[in-house]
Structures are given as C-alpha cells and as structure tokens.
Amino acid sequence: MSELSGKYNPQEFEKQIYSEWEKNGYFHGQDSSDKPPFSIVLPPPNVTGALHMGHALTLTIQDTVLRRKRMQGFNTVWFPGTDHAGIATQMVVERELLKEGKSRHDLGREKFIEKVWEVKHRHHGFITNQTRVMGASLDWERERFTLDEHFSEAVNKVFVQLYERGLVYRGEKLISWCTRCSTAISDLEVEQNPENGKLYYIRYYVKGDNSKFVTVATTRPETLLGDTAVAVNPNDKRFKKLHGEKVIIPFVNREVPIILDEYVDMEFGTGCLKITPGHDFNDYEIGRKHGLITVTVIDKHGKMNENAVGFTGLTAKQAREKIVEELKNNGTLEKIEDYAMTISKCSRCDTVIEPLLSNQWFVKMDGMAKKAMYAVKDGRIKFYPQGWWEETYYRWLENIRDWCVSRQLWWGHRIPVWYCKDCSHFEVMEHKPKKPCARCGSSNYYQENDVLDTWFSAALWPFVAPGWPKDTATLKTFYPNSLMETGFDIIFFWVARMIMFGLEFMDEVPFKEVLYHAMIRDEKGQKMSKTKGNVIDPLVVTEKYGVDTLRFTLASMAGRARDIKLSENSIQGYSYFMNKIWQASKFVYTNAQGLDPEFNIKDIKYPLNKWIVSRLNSTALAVNKKFEVYELNDVSETLYKFFWHEFCDWYIELSKPMLNDEKASAETKYVLCYVQREFLKLLHPIAPFVTEKLYEASPLKDGKTIMLAKYPEGDEKFVAKEVEGSFGFIQELVSSIRNIKTIYGINAKNDVVVVSKKHSKLIDELKGPITKLATLRDISTADDLKGIDLAGSLKSVIPDAEIYMPAKEFIDFDKEFARFNKKLEEVSKDLNIVNNKLSNKGFLDKASAEVIEKEKRKLEEFTKLSTELKSAITMLETCRK
RNA sequence: GCGUCCUUAGCUCAGUUGGUAGAGCACUAUCUUGACGUGGUAGGGGUCGCAGGUUCGAGUCCUGCAGGACGCACCA
C-alpha cells in the first residue's frame with residue numbers, strides 16, 4: 001500500500017499512468033482472438049488541428065464505452081488516425097507562405113506539397129499527444145494518416161471501381177465555386193446566410209418596338225450580361241401575348257427570347273424572370289429544359305470575363321455598381337427595393353459562392369443512397385439517442401444530388417485518371433497506364449490535376465483502418481465496426497457516406513451502432529469561438545482540475561440533449577467529487593490494517609454490510625443497463641449518488657463504530673475495501689487515472705491494472721430488497737431525529753425512545769450506528785407509551801414509528817403545534833388523493849391490480865400517519881393547558 | 001415552406017411502456033464529529049410554456065397556439 005497524498009492532486013500521476021499503460025501494451029487488441037471483438041474508429045482529427053472541447057467530449061465518450069468493453073472481456077480495438085483535411089490544411093500552409101509574400105503558385109505543385117508534408121510532420125505530434133493527455137486508450141500501433149501510402153492505394157481502388165460500376169462520371173455542370181479557395185465545393189460545404197440585399201427592377205425592351213418592354217426584378221444585375229432568355233408564367237395573362245417576341249439585353253445587345261415556364265411565380269417581383277443559366281442553379285435547369293445557350297460572364301476568380309463586354313476585368317461587385325449606374329443613366333432602371341435574402345457562402349472561408357459551369361467529377365448518389373437508407377430502416381444500423389436522427393437522415397438521402405468530389409486543390413488524393421496528352425482520351429486506373437493510348441497510340445500520359453474531396457477518403461475509414469483492400473485478419477475481426485461515435489453535425493458529410501461506401505465495397509454496414517453527441521457551447525448557450533473569446537480550453541482545464549474531472553463532467557452532460565452548456569463552475573463541482581473519492585479511499589486504506597484478503601464476500605453477516613453490498617450490486621446493474629443505451633449521464637449520476645450519498649454519507653459513517661467492534665471489525669474492514677475497489681472498477685471507464693492510482697494502493701488489488709480488471713456486472717443474488725427496505729427505515733429515523741435537533745438547535749447528545757412494533761428489533765441491533773449517526777447518547781425502544789414523559793418530549797412521527805426525545809427545556813408548544821399541523825396538512829393532501837382514487841369506480845375497474853395494491857398500501861400508511869399526527873396534536877393541546 | 005426537437009425549482013438539466021414532481025449548483029440555518037470545510041447536517045423553493053382533447057388518472061399521449069434551437073429546400 002503506497003502513501004496517498006493529502007488531497008486529490010491529479011497532476012502528480014496522470015501522465016505517468018498513461019505512459020505505463022501504453023508501454024505495457026494494454027491498448028492493443030488482437031487480430032484474432034477467442035474473445036468477442038469490439039471496435040471503434042476514431043473520427044480522425046485534422047492533423048494540423050488543436051484539441052478543443054468537442055474532441056475532449058468525443059474522446060471521453062468513446063474511451064469510456066471502449067474501456068468498459070475491454071474490462072468486460074471483449075477484444076477491443078480503437079483505431080487512431082489523423083485526417084489530411086484538404087482545404088483546411090492547404091489554407092494553413094498558404095497562410096504561412098503569404099507571410100513571406102508568396103503564393104502556392106510561386107512554389108509550384110511539387111514544392112508546395114513537400115512543404116505541406118513538412119507542416120504535417122511538425123503538427124502531427126501535437127494533436128496525438130493531446131489525445132493521449134485525455135487518457136484515450138487508442139491502439140496506437142494501428143495509427144493511420146488519410147494520405148499515407150496504404151490509404152491512398154485504397155482511395156484509388158475505390159475511385160476506379162466506382163468508375164467501372166458507372167458510379168463515377170465526369171461532366172460539365174453548374175457547381176458551387178469558391179473564388180477564394182479556387183475550387184469547386186460540394187452542396188454540403190455551402191452555407192446559407194440571411195442578408196439585407198437589394199432588388200433591382202430593370203427594363204428589357206422588346207426588339208423592334210421601343211415602346212414595349214418587360215421589367216425583370218433581380219438581386220444580381222451584373223449577371224444580366226449572361227442572360228439568354230426572359231421567362232414568364234404560361235398562365236400569366238399580362239405577358240402571354242409577348243411569347244415569341246425577343247428582348248434586347250442592355251450593353252451586350254443580345255437578342256433573347258421570351259419563354260414560358262411554370263417555374264415563374266406570377267406573384268413575385270414583376271412576374272418576369274431573367275434567365276442566366278451560367279450563374280444560377282434554377283436558371284441552369286430552365287435553360288436546359290428550353291435548350292438555351294449558356295453564357296458565362298464571371299470567371300473563377302470572381303471577375304467579369306471577356307463575354308462581359310465593357311466590364312471585363314472588374315470584380316462582380318464593381319461590375320454591379322457600374323451597371324446600376326449606367327442603367328440609371330439610360331433610364332432602364334425602374335427602382336431599387338430593399339430585400340431580405342439569403343446568400344450562399346463557403347462554409348470554410350465565408351466567401352460568397354459563385355455558381356460556375358465547369359468540368360468536374362461526380363459520384364452518383366441515388367442507388368447508394370437508397371441502400372444506405374434501408375440499412376437504417378431495417379435496423380442493421382441503430383442510431384442513438386434513439387428516435388432522433390433517423391428522419392433527418394432519410395430526408396437527406398431521399399433528396400440527395402450527385403456528389404461533386406473533385407477539388408481544384410493540390411493537397412489531397414490526386415484523382416487516378418490519366419489523360420493522353422496527344423488526344424482527349426483518358427483512362428481511369430489506379431496507376432499510370434503502361435499501354436499506349438488506345439485511341440492515338442501515344443504513351444504520353446498526365447494525371448488529372450484535381451484532388452478528391454477530403455470526405456471521400458474519410459468515408460472509407462471504417463474499412464481502410466483495419467486494412468482494406470488487403471484481406472487482413474484485422475479486417476475480418478473488426479469489420480463491421482461495433483460503434484461509430486461522432487457529432488450530429490457531420491451526419492451527412494461523413495456518417496451517411498461511410499454507410500454508402502461500406503455497403504458498396506464491403507457489402508456490409510460499416511458499423512452496427514451510431515452514437516451522436518451534442519455540441520459544446522458556453523454557459524450562455526453560444527458556440528465557443530476564439531473570436532468571441534468564450535472558449536474553454538480542455539488542456540487548461542485538465543491542467544487545473546485533472547483529466548478525470550473533465551471526463552466526468554463531460555460524461556455527466558452526455559445525455560440526450562443536443563447542446564451541452566459548459567461552464568468552469570460545473571467542472572469545479574465535479575473536481576470536488578474526485579477529491580471525495582480520494583479522501584474516502586484514504587479512510588478506507590488507513591482502516592485496512594490486519595485485513596484478511598481471503599475473506600469471502602458471500603459470508604457477510606452484518607446487515608449494514610449486507611446493505612452496502614446490496615446497494616453496490618444494484619448500482620452495478622443500473623450502470624450496466626445505462627451503458628447499453630449509451631446514456632453516460634445516467635451512468636455518472638448513478639455512480640456519483642452511490643459513492644457520495646450512500647457509501648460516504650451512510651456506510652463509512654456507520655463503519656466507524658463497527659471497526660471498533662471486535663466482532664464486526666474483520667468483516668467490515670473487508671467490505672469497506674471490497675466495495676471501494678468495486679466502485680473504482682465501475683468508475684474506471686469514465687475516470688481512468690484516479691481509479692488506477694487508487695486501485696494500485698488498494699489492499700484488495702486483484703490484478704496488475706484496473707484497466708484489465710473484470711467490470712462488475714452486478715449480481716441479483718446480492719441485491720437484498722428487505723435489507724434495503726429496513727435500512728431505508730433507519731435512514732428515515734436518523735433524518736427525523738436530526739431534524740428535531742436542528743429545529744430546536746439541540747447540539748448536546750441526548751436520549752431517544754422509539755415506539756415501533758415493526759422495527760424494534762432492528763433498532764436494538766443497530767443501536768451503536770444510530771446513536772452515532774444521529775448524535776445521540778442512547779436510543780431505546782418501547783412497545784407502548786408507558787413510562788414516556790409525553791409532555792416533556794419532542795415528538796416526531798414517521799411511517800411505522802413514533803420518536804420521543806425528552807427535552808423539556810426546549811419545547812415550544814406553538815412551534816410544535818405549527819410543525820405538526822403542517823405535516824398533517826401534507827399527509828391529508830396525499831391521503832385525499834389516494835382516497836379519491838380508491839373510491840373512484842373507474843379507477844378500480846380499469847387500473848391494474850398492481851397499481852391498486854400499491855394505492856391501498858399507501859392508504860394504509862397515510863391513514864396511520866394521519867392518526868398519529870392528530871393524536872400528537874391533541875396531546876400538545878392538552879399539555880399546553 | 002418541409003422536417004426534427006426544446007420549453008419542468010433562481011441556474012443547468014433528469015423524469016423510457018400514463019399511476020403521489022427529482023438531482024447538481026446556487027440560497028438559508030447550523031456543525032472545528034479523529035477521510036474530506038473541495039466537508040457534515042437540516043431546510044426553503046415548481047399551478048411541469050399556454051389552451052383544448054383522450055383517459056378513472058396527463059410533466060408523460062393527441063390537436064392547436066406562443067417562444068426558442070437545428071437541419072433541408074426556396075428565395076427573380
């Protein structure tokens with residue numbers, strides 16, 4: 001037994017314990033084993049990222065779940081890894097370059113990528129070490145990086161196979177383009193922001209008739225240069241006669257037709273819609289329907305191109321100002337209105353998105369989406385918390401559009417497509433083709449410049465982490481993964497796509513369960529962000545309060561809620577709990593001298609010991625039940641209450657006199673140590689460090705590490721309902737006596753007489769403990785009121801007992817009278833409710849026998865209490881006279 | 001507009017087949033009891049957002065309304 005310091009001081013042991021675990025290989029799972037497998041893949045953090053509270057939460061939840069499974073005897077593997085995070089990482093490096101006044105183009109692709117790798121290597125240690133700090137029991141030997149060789153091979157294979165199956169295609173489409181990132185992005189990477197804009201009303205004159213015109217309303221006048229039609233609703237009587245006419249687009253003087261399309265809302269604006277297929281998604285659709293040409297007037301940098309005659313080279317914003325100015329001058333601008341609109345912006349850099357026509361690679365979604373939907377519908381994958389995300393998931397999959405996976409970036413998986421330099425032919429192959437071009441015979445190939453969306457590779461994580469495309473033992477054992485734990489914000493980005501690709505390439509779901517966790521916010525419910533300055537840094541918190549404290553706090557909040565409001569105050573509260581565990585353990589250990597470690601827990605005799613062992617088992621059963629549905633908040637609450645309010649408040653206090661009792665001492669010592677040790681095991685998954693530290697010092701230590709100890713499942717055989725019931729009475733008795741003493745400010749120890757037919761024997765047996773707990777000199781029992789100085793005693797009534805405390809000098813009849821009347825009022829209210837129920841024919845007819853029985857018992861109890869209280873009040877009245 | 005969800009004690013939240021409203025923090029009073037004042041003990045505090053309905057019985061189920069969060073779509 002080692003010495004424990006005076007108070008809980010986590011900094012003294014956490015880091016060392018972690019390295020011991022890692023050194024001893026406790027985190028490592030076996031590729032094949034007799035034990036049932038349990039696997040999780042860590043959602044790979046951005047390799048250049050820093051640990052934030054979201055990471056801390058996800059690590060805590062996953063580690064907690066996994067540690068319990070490991071202790072339960074599962075062959076567990078938690079696959080670690082980091083993500084190359086395409087745009088994000090490229091931006092980090094570009095920003096560094098910018099400081100030297102350079103862009104990536106100054107370096108060239110090869111040099112630039114070299115530089116990114118350097119940055120990657122430099123950063124990699126930060127995030128992984130911070131992950132270690134949190135206590136995450138990751139199988140580090142299996143760590144992966146999404147751009148490492150093996151991973152890239154898998155990505156290529158997937159891409160090629162998708163192509164061969166007709167699920168990948170190249171096409172020219174209108175896509176969302178970020179002019180700052182200079183790349184296409186997917187629908188998911190576009191955010192809609194409300195903004196105050198303007199609506200411009202512009203006249204287009206009909207060709208050949210300067211007296212006729214139509215007025216269109218637009219928020220983007222600069223796009224009129226790319227207009228190729230004006231549309232009106234076919235049912236709109238106002239404009240129908242114009243069908244077939246042509247109007248002239250100002251500046252470019254292009255003649256465009258007036259077309260009819262039901263899409264046009266007659267109520268909105270003027271009822272005339274300008275059609276710009278090159279810069280608007282809806283217009284693009286209408287253009288396709290009507291066979292319109294597409295004119296692009298804005299380029300990839302957000303500037304007006306050569307088609308924008310007279311405005312070429314201006315930014316879209318400058319062009320808008322100039323066009324509005326000129327329209328005003330020539331009298332075709334009717335009016336400008338304020339207009340509340342939403343603007344699409346790049347979710348990464350907040351730049352306004354420009355819809356652009358361009359050649360991109362797409363993954364066909366409809367077929368895979370359907371399969372992914374059924375996997376959840378038929379229960380092959382279960383979502384937790386139950387009943388929350390299924391609908392959202394289905395809706396997205398039902399309305400899904402093809403996924404634009406090509407990015408015009410340099411950092412990422414370069415698309416395995418090989419173009420012939422001498423003709424336009426291309427091959428989709430994992431490696432550069434060895435044969436000459438099938439069309440022109442040239443051997444001059446170059447690889448596609450675009451890279452893949454980061455989420456493309458991320459979607460392969462559940463099967464690539466265990467080894468795919470190699471047919472490894474690891475893959476056999478750990479696919480499907482047991483659980484996927486992640487934030488609900490990436491349900492579409494990641495979860496849905498993992499399910500699609502898992503089904504497509506493994507023919508089996510990637511994981512059996514998905515657990516979604518909440519978003520961490522500050523105490524006011526606001527998102528934490530550096531600019532707001534409301535960030536709580538997990539590393540600062542763990543430095544101050546310890547990792548276990550933070551983990552316990554986060555676990556306590558990991559319930560069904562979608563937001564977690566975190567404040568330092570709540571963290572501090574839980575650090576007190578850690579200290580409490582520390583202090584109680586110290587007490588247990590210092591009282592363990594002469595302990596017989598061979599004592600058998602089945603042999604315990606004393607009711608108090610039976611009680612705490614019963615409570616321990618009830619607690620273990622409850623904890624395991626809650627673990628199964630991933631309600632970690634209930635797990636931690638159950639453990640908190642058991643340890644603090646049962647083990648410490650009652651059992652430890654009770655054990656003190658028992659330890660001095662020669663007969664009870666040996667058994668009590670053992671039970672103290674036993675219950676404390678089993679509690680440590682129960683808590684270990686949530687608070688791994690303090691439990692290991694204390695376990696190490698336990699005189700009943702039953703293994704090398706608590707990490708590999710058997711997780712207590714709880715045994716019904718040890719749950720003694722009668723004992724718990726009797727002890728409940730004792731608790732109530734003690735509280736009631738304490739209550740009298742507090743009300744009257746009685747500090748001195750005095751005597752108490754209890755009249756209770758039912759519990760006399762029990763009270764006599766537990767005399768020592770009760771006098772100790774209630775600070776009494778003596779407690780005695782009596783069968784009736786004979787010999788009790790009724791007028792000179794303070795009285796209290798609880799179910800099945802009356803308590804008399806001789807304390808003549810303290811009695812205040814008015815106070816007593818008020819106290820009993822208040823109590824009687826409460827009981828009468830309850831009694832009324834029960835009476836009403838039991839005299840209600842409907843209740844008796846329809847309620848279950850069990851419920852009726854319960855009500856009858858209540859009636860009995862309340863009636864008895866009420867009678868007692870009434871007689872006590874009469875007594876007071878007579879005494880007063 | 002469609003969808004998911006929230007509204008319970010001053011604050012943060014639990015309350016899972018409908019059966020007498022709970023916890024933590026905060027607050028009040030009190031206690032130097034030999035593990036812990038990061039502690040012990042006792043206590044105050046809620047017409048469960050509003051209005052209907054179903055039911056013998058509703059915080060719990062249904063409908064409507066109000067306030068709020070998030071997702072998707074549309075937005076000339």
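Each chain gets a letter, A, B and so on, in the order the sequences are listed, and its residues count up from 1. All values derive from a computational prediction rather than experimental measurement.
- Within the 4.0 angstrom heavy-atom criterion, only backbone atoms of the sugar-phosphate kind lie near A:Lys822; the bases stay farther away.
- Between A:Glu334 and A:Arg203, at least one side-chain N (NZ, or NE/NH1/NH2) sits under 4.0 Å from a carboxylate O, which counts as a salt bridge.
- Remark: A:Lys377 is positioned above the aromatic ring of A:Tyr394, its terminal NZ or CZ atom under 6.0 angstrom from the ring centre and at most 45 degrees off the axis.
- The distance between atom CZ of A:Arg521 and atom P of B:C13, rounded to the nearest whole Å, is 11 Å.
- A salt bridge is absent between A:Glu860 and A:Lys864: the closest approach of a Lys/Arg side-chain nitrogen to an acidic carboxylate oxygen does not fall below 4.0 angstrom.
- B:G49 and B:C2 are spaced 25 Å apart, taking the C1' atom of each and rounding to whole Å.
- Using a 4.0 Å heavy-atom cutoff across all strands shown, A:Tyr8 reaches no nucleic acid atom at all.
- Aromatic ring pairs are classed by plane angle as parallel below 30°, tilted from 30° to 60° and perpendicular above 60°; the pair A:Tyr640 and A:Phe577 is tilted.
- With hydrogens and angles disregarded, no donor-acceptor distance shorter than 3.5 Å links the side chain of A:Thr619 to the backbone of A:Phe642.
- Using Watson-Crick or G-U wobble geometry with both donor-acceptor distances under 3.5 Å, B:A51 finds its partner in B:U63.
- B:G44 sits 44 Å from B:G3 when the C1' atoms are compared, rounded to a whole Å.
- Atom P of B:U33 sits at a distance of 15 Å from the matching atom of B:U38, rounded to the whole Å.
- Between B:G53 and B:G45, the distance separating the two C1' atoms is 32 Å to the nearest Å.
- If you find the closest nucleotide of RNA chain B to A:Val190 and to A:Gly269, the one lying nearer the 5' end belongs to A:Val190.
- Taking the C1' atom of each, B:C48 and B:U7 are spaced 10 Å apart, rounded to whole Å.
- With B:G71, B:G40, B:U20 as the choices, the nucleotide that has an atom nearest any side-chain atom of A:Asp830 turns out to be B:U20.
- In terms of phosphate contacts, A:Thr742 brings no side-chain nitrogen or oxygen within less than 4.0 Å of OP1 or OP2 of B:A29.
- As a whole-Å value, the separation of A:Tyr574 OH from B:C25 P is 9 Å.
- No hydrogens or angles were tested; on distance alone, nothing pairs the side chain of A:Lys741 with the base of B:U41 as donor and acceptor under 3.5 Å.
- A:Ser735 comes within contact range of the sugar-phosphate backbone alone, with a heavy-atom separation under 4.0 Å but no base atom that close.
- Distance from the side chain of A:Asn739 is smallest to B:A42 among B:C36, B:G44, B:A42.
- Ion pairing of A:Glu628 with A:Lys626 is absent here, as no side-chain N (NZ or NE/NH1/NH2) approaches a carboxylate O to less than 4.0 Å.
- In this structure, A:Asn579 places its CG atom 11 Å from P of B:G40, rounding to the nearest Å.
- Closest to the side chain of A:Glu391, from the set B:A23, B:G19, B:U4, is B:U4.
- A donor-acceptor contact under 3.5 angstrom links the side-chain atoms of A:Glu653 to the base of B:A35.
- Residue A:Ala340 is classed as having no contact, given no heavy-atom separation below 4.0 Å to the nucleic acid.
- A:Asn569 has its CG atom 10 Å from the P atom of B:C27, to the nearest Å.
- Side-chain atoms of A:Gln583 lie closest to B:C36 of the nucleotides B:A73, B:C5, B:C36.
- Look at A:Asn836 and you won't find any side-chain N or O under 4.0 angstrom from OP1 or OP2 of B:G57.
- The side chain of A:Thr342 approaches B:C74 more closely than any other nucleotide in the set B:G19, B:U41, B:C74.
- The nucleotide B:U28 finds its pairing partner in B:A42, both defining distances of the Watson-Crick or G-U wobble pair being shorter than 3.5 Å.
- Two rings, from A:Tyr744 and A:Phe810, have their centers 6.0 Å or more apart.
- Side chain of A:Trp388, nearest nucleotide from B:G19, B:G3, B:C5: B:C5.
- Remark: the separation of the C1' atoms in B:C11 and B:C27 is 12 Å, to the nearest Å.
- Distance CH2 (A:Trp389) to P (B:C72): 11 Å, rounded to an integer number of Å.
- Judged by a 6.0 Å distance limit and a 45° cone about the ring axis, A:Lys335 is positioned over the six-membered ring of A:Tyr201.
- Of the side-chain N and O atoms in A:Lys837, none sit less than 4.0 angstrom from OP1 or OP2 of B:G57.
- Distances shorter than 4.0 Å separate some side-chain N or O of A:Trp644 from OP1 or OP2 on B:G40.
- Not one side-chain nitrogen or oxygen of A:His645 sits closer than 4.0 Å to the OP1 or OP2 atom of B:A23.
- Applying the 3.5 Å distance criterion, the base of B:U16 shares a donor-acceptor pair with the side chain of A:Lys626.
- Taking atom C1' in both B:G59 and B:C6, the straight-line distance is 14 Å, to the nearest Å.
- Of the candidates B:A35, B:U16, B:G19, the closest approach to any side-chain atom of A:Phe843 belongs to B:G19.
- Listed candidates were B:G39, B:C74, B:A35. Nearest to the side chain of A:Tyr576 is B:G39.
- Ring geometry for A:Tyr8 versus A:Trp582: interplanar angle of 30 to 60°, hence tilted.
- Listed pair A:Arg738 / B:A42 meets the phosphate criterion, a side-chain N or O lying under 4.0 Å from OP1 or OP2.
- B:G22 is paired with B:C13 under the criterion used here, namely a Watson-Crick or G-U wobble arrangement in which both key atom distances are under 3.5 Å.
- Distance check on atom C1': B:U8 versus B:A58 gives 14 Å, rounded to whole Å.
- In the set B:U16, B:U41, B:G34, the nucleotide with an atom closest to the side chain of A:Lys772 is B:G34.
- Distances shorter than 4.0 Å separate none of the side-chain N or O atoms of A:Lys565 from OP1 or OP2 on B:G24.
- Rounded to an integer number of Å, the gap from A:Leu773 CG to B:C31 C1' is 15 Å.
- A donor-acceptor contact under 3.5 Å is formed by the side chain of A:Arg395 with the base of B:C2.
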Please step through ring pair (Phe, Tyr, Trp, His ring centres under 6.0 Å) for the pair A:Tyr516 and A:Trp388, ending with a clear verdict. CA-CA 9 Å; A:Tyr516 294 105; A:Trp388 269 33; over 10 Å; no
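- Between A:Lys524 and B:A69, a side-chain N or O to OP1/OP2 separation shorter than 4.0 Å is absent.
- The NZ-C1' distance, from A:Lys580 to B:C25, rounds to 17 Å in whole Å.
- Which of B:A23, B:A73, B:U20 sits closest to the side chain of A:Phe862 comes down to B:U20.
- Computed from coordinates, the A:Asn835 CG to B:U20 P distance equals 16 Å when rounded to whole Å.
- Across all strands shown, the partner of B:U4 is B:A69, judged by Watson-Crick or G-U wobble contacts whose two distances both fall under 3.5 Å.
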